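Note sheet for the following structure.
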Amino acid sequence: MKKLVIRFNAPATLTFALLALGALVLGQVFGDGVTMKFFCVYRSSLADPLTYLRFFTHVLGHADYSHYMGNMLLLLLVGPSLEEKYGWKKIMWFIAVTALVTGLVQFIFFPGSALLGASGIVFMMIVLSSFTESRGGGIPVTLILVVIFYLGGEIIDGIRNTDSISQLTHVVGGALGMIFGFLYRGRRRR
């Protein structure tokens, strides 16, 4: 009988999920002020060093357990296969770039509101996953369908709805997933 071994199979995805869980627990234990100070991006003074940290850490913050689980379930479904193709270092780079870009978009264009959550990362991964079997030239049909259903739906929701969900963050994350997919199409991990 083979020995059952538990493997840390997707280090970037699992580390991200654990860091986000840590941020959630900190917010639950010490109050929303901790989440707002460290895990939300919003217009603040450029003289404040935490402003620059929040450009990256806002993706770890979540409003509550339901918000966290909604993002992490998708992340845990899609992330491991992406790490298999691109490697954990490249995925961490994609996550960092997506966090920075979505943070800057929020900071520059929405000065009166705050942003937190990993949905931009999740949408980046969803779109990027449509490239996983892409070889050589051409545009994968899965990419076309993801853009129509996911990103098209987010654009329509952004126009029609006035909820607290940042559809623009989803669209920006998806666009970055498309850019990463085209840039690294056909390349295996190194």
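Computed from a prediction, not measured in an experiment: that's the story for all the values here. Residue numbers count from 1 along this sequence.
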N/O donor to acceptor pairs below 3.5 angstrom from side-chain atoms of residues 4-16, sequence neighbours left out:
| from | atom 1 | to | atom 2 | distance (Å) |
| --- | --- | --- | --- | --- |
| Thr13 | OG1 | Glu83 | OE2 | 2.6 |
| Thr15 | OG1 | Pro11 | O | 2.6 |

Using modelled atom types only, decide if a donor and an acceptor are shared between the side chain of [X] and the backbone of [Y] within a distance under 3.5 Å.
X: Tyr184; Y: Ile179; result: no
X: Ser44; Y: Thr51; result: no
X: His62; Y: Leu116; result: no

Item to check | Stepwise side-chain contact (heavy atoms from CB on, under 4.5 Å) check, Leu82 with Phe94 | outcome: CA-CA 11 Å; Leu82 292 174; Phe94 295 164; over 6 Å; no
Enter the distance from [X]:[atom1] to [Y]:[atom2] here, rounded to the nearest 0.5 Å.
X: Leu104; Y: Leu100; atom1: CG; atom2: CG; result: 4.5 Å
X: His58; Y: Thr169; atom1: NE2; atom2: OG1; result: 7.5 Å
X: Leu60; Y: Leu19; atom1: CG; atom2: CG; result: 5.5 Å

Item to check | Partner residues of Phe55 under the ring pair (Phe, Tyr, Trp, His ring centres under 6.0 Å) criterion, sequence neighbours left out | outcome: Phe107
Checklist entry - For residues 26-41, which residue pairs qualify under side-chain hydrogen bond (donor to acceptor under 3.5 Å, both in side chains), counting only residues two or more places apart or in two chains? => result none
Item to check | Qualifying side-chain hydrogen bond (donor to acceptor under 3.5 Å, both in side chains) pairs, either residue in residues 107-122, two or more places apart | outcome: Gln106-Ser113, Ser119-His170
Checklist entry - Hey, is OH on Tyr52 packed in by over 12 heavy atoms from elsewhere, all under 6.0 Å? => result yes
Under the side-chain contact (heavy atoms from CB on, under 4.5 Å) test, which residues partner [X], sequence neighbours left out?
X: Leu26; answer: Phe30, Val34, Phe39
X: Thr98; answer: Thr102, Ile121, Met124, Leu176, Phe180
X: Ala17; answer: Tyr68, Met72, Leu75, Leu76

Checklist outcome for this item: In short, Val122 meets Asn71 closest at the heavy-atom pair CG2-O, 3.4 Å
Checklist entry - How is the hydrophobic cluster of Met36 composed, in terms of its other members, when Ile, Leu, Val, Met, Phe, Trp and Tyr link through side-chain heavy atoms under 4.5 Å apart, directly or indirectly? => result Tyr42
Item to check | Test salt bridge (Lys or Arg N to Asp or Glu O under 4.0 Å) applied to Asp64 - qualifying residues, sequence neighbours left out | outcome: none
Item to check | Pairwise salt bridge (Lys or Arg N to Asp or Glu O under 4.0 Å) hits with a residue in residues 41-51, at least two apart | outcome: Asp48-Arg54
